[in-house]
Amino acid sequence: MGSHSSTQGHMKIFKIRTLKGNSKYGIGCRNLKELLEKGCKKFQLPLKSTRVCSYEDGTELSDEYLRNLPDNTELVLLTAEQTWNGFVTDIDRLLNAFYTRQTDVTEAALKLLTDEQAPQRRKILVDFIQNMSENISAENREDDKSWFEGLEPRYKNKSSYMRNSCESRIRSYMKEVQSSATASDPAVRDEYMKLIETMSSELRAVKYNGYYFDRTEEKTSRLCTAEGWFSCHGPFDMDDCSSKHSINPYSNRESRILFSTWNLDHR
């Protein structure tokens, strides 16, 4: 009875693909059995050993799961020996193919830059080449000498510089607060100065929260990922950043310099 009811279900349309090639086809069906039959016929796959998964997250479909999917959901047909963990697998495949040819790609971009005269295209090529020169995983000076260009010799690794950079930034914020004391109401100036001194004392005790920028710190202490990525949290009156701004000052010298202008406030 349940099978008969499923067969007579509402007709739905799905986009079907396989792991071979990028071709996608629209298939109408009322249940999983009908979807498999039509899909296997279209792609000439063995019906008995083929299954259907969500292209987005790799979930293997059942009739109940299928009924709850919206029309035009993208699905992938898998044979017995194939696995799929979602479209992130596609992204990983693309990035791996890209970075295994990284040197060739950079050389080709440099040649294009030599021949290119249009300012806008030159800017795009320069940015691309700089991004390709990233050495995010390197931590010590000897492993990424270009990152340390212009910095004092006392900095032996990236994290120590970033920690000091954070301390300096917070010290400068406190100086701005202190300098505004003269403009405060004389009636509350003493209280204002006491508050500033308390804040300064607490910041000194924690070394001005330098660990915020140190990617080697514990996750609960740092503001970045373990790789050094910082993300914008959006304007003060919003929950997040709709533009998904991000930057990694550990990646290359240009990003390190650019990060010094970031206030992590969306501006």
Worksheet item: How far apart are the C-alpha atoms of F230 and N248, what are their side-chain angles, what is the distance that settles it, and do they pass the side chain to side chain contact (heavy atoms under 4.5 Å, CB included) test?
Response: CA-CA 6 Å; F230 289 81; N248 192 331; 5.9 Å; no
Fill in: Set of residues satisfying side chain to side chain donor-acceptor pair (under 3.5 Å) with respect to T73, sequence neighbours excluded
none
Worksheet entry | Minimal non-hydrogen separation, C166 against G210, with atom names | CB-O, 3.7 Å
Worksheet entry | Spacing of CG belonging to L195 relative to CG belonging to D190, to within rounding of 0.5 Å | 12.5 Å
Worksheet item: Which pairs with one or both residues in residues 147-184 pass ring-ring contact (aromatic ring centres under 6.0 Å, His included), sequence neighbours excluded?
Response: W147-Y161, Y155-Y161
Worksheet item: So do L19 and L78 actually touch side chain to side chain, heavy atoms under 4.5 Å?
Response: yes
Worksheet item: Can E37 and K41 be said to form a salt bridge (charged side-chain N to carboxylate O under 4.0 Å, His left out), step by step?
Response: CA-CA 6 Å; E37 288 174 348; K41 183 177 180 181; over 6 Å; no
Worksheet item: Within a reach of under 6.0 Å around CD of E149, are more than 12 heavy atoms found that belong to other residues, nucleotides or ligands?
Response: yes
Practice prompt. Measure from the side-chain N and O atoms of K15 to the backbone N and O of L75, and report whether any donor-acceptor pair falls under 3.5 Å.
Written response: no
Item to complete: Only counting residues at least two apart or in another chain, list the ones meeting salt bridge (Lys or Arg N to Asp or Glu O under 4.0 Å) with E152.
Response: R154
Practice prompt. Kindly work out whether a path of hydrophobic side-chain contacts (I/L/V/M/F/W/Y, heavy atoms less than 4.5 Å apart) joins V206 to L223.
Written response: no
Worksheet item: Would M162 end up clustered with I257 when hydrophobic side chains under 4.5 Å apart are linked, directly or stepwise?
Response: no
Worksheet item: Side chains of E64 and S62: donor-acceptor distance under 3.5 Å anywhere?
Response: no
Practice prompt. Among residues two or more places apart or on two chains, list those pairs meeting salt bridge (Lys or Arg N to Asp or Glu O under 4.0 Å) that have a residue in residues 191-205.
Written response: E191-K194, E197-R204
Worksheet entry | Nearest-0.5 Å distance, CD of residue E60 to CG of residue L32 | 8.5 Å
Worksheet entry | Connected-component partners of W229 among ILVMFWY, side-chain separation under 4.5 Å | I136
Worksheet item: If we only count heavy atoms from C-beta on, is the R17 to Y55 side-chain gap below 4.5 Å?
Response: yes
Practice prompt. Under the side chain to side chain contact (heavy atoms under 4.5 Å, CB included) rule, what do L77 and L45 come out as? Steps first, then yes or no, please.
Written response: CA-CA 9 Å; L77 292 172; L45 297 175; 3.9 Å; yes
Discussion item. My understanding is that a hydrophobic cluster links ILVMFWY residues whose side chain heavy atoms are under 4.5 Å apart, including indirect links. Using that, what else belongs to the cluster containing I13?
Written reply: none
Discussion item. Quick one, M199 with M174, criterion side chain to side chain contact (heavy atoms under 4.5 Å, CB included). Give me CA distance, side-chain angles, the key distance, then yes/no.
Written reply: CA-CA 9 Å; M199 289 176 62; M174 276 307 302; 4.1 Å; yes
Fill in: Residue pairs passing the ring-ring contact (aromatic ring centres under 6.0 Å, His included) test where at least one lies in residues 26-53, sequence neighbours excluded
Y25-F43
Discussion item. For Y212 versus S221, what's the shortest heavy-atom pair and its separation?
Written reply: CD2-O, 3.5 Å
Worksheet item: Are H245 and S231 side-chain neighbours, meaning at least one heavy-atom pair lies under 4.5 Å?
Response: no
Worksheet entry | Beyond-backbone contact of Y208 with S168, side-chain heavy atoms, under 4.5 angstrom | no
Practice prompt. Could you please spell out the steps behind the side chain to side chain contact (heavy atoms under 4.5 Å, CB included) verdict for S200 and T198?
Written response: CA-CA 5 Å; S200 297; T198 299; over 6 Å; no
Worksheet item: With distance as the sole criterion, is a donor-acceptor pair present between the side chains of N85 and T83 under 3.5 Å?
Response: no
Practice prompt. State which residues pass side-chain contact (heavy atoms from CB on, under 4.5 Å) with R222; sequence neighbours excluded, sorted by chain then number.
Written response: E217, K219, C224, A226
Worksheet item: Any side-chain heavy atom of D144 sitting closer than 4.5 Å to one from S146?
Response: yes
Worksheet item: Have T216 and D214 got a donor and an acceptor in their side chains that come within less than 3.5 Å?
Response: yes
Discussion item. Quick check for you: to the nearest 0.5 Å, what is the distance between N68 atom CG and D63 atom CG?
Written reply: 11.0 Å
Worksheet item: If only atom types and distance count, is the side chain of R215 paired as donor or acceptor with the main-chain N or O of E227 below 3.5 Å?
Response: yes
Worksheet item: side chain to side chain donor-acceptor pair (under 3.5 Å) with Y211: which residues, sequence neighbours excluded?
Response: N209
Worksheet item: Is a side-chain N or O of N157 found less than 3.5 angstrom from the main chain of S160, in a donor-acceptor match?
Response: yes
Worksheet item: So, K158 and E139, do they make that salt bridge, N to O below 4.0 Å?
Response: no
Worksheet item: How would you list, by chain and number, every residue that makes a side-chain contact (heavy atoms from CB on, under 4.5 Å) with C29, sequence neighbours excluded?
Response: F14, E34, L35, L66
Item to complete: Would you check if there is a donor-acceptor pair between the side chains of Y250 and S137 at a distance under 3.5 Å?
Response: no
Worksheet, complete the sentence: The side-chain contact (heavy atoms from CB on, under 4.5 Å) partners of E81 (sequence neighbours excluded) come to T79
Discussion item. Show the nearest heavy-atom pair for residues P70 and K12, with the distance to one decimal.
Written reply: N-NZ, 4.3 Å
Item to complete: Using side chain to side chain donor-acceptor pair (under 3.5 Å) as the criterion, list what pairs up with T18, not counting sequence neighbours.
Response: none
Worksheet item: Are E74 and E56 side-chain neighbours, meaning at least one heavy-atom pair lies under 4.5 Å?
Response: no
Item to complete: Kindly check if the number of other-residue, nucleotide or ligand heavy atoms within 6.0 Å of NZ (K38) is above 12?
Response: yes
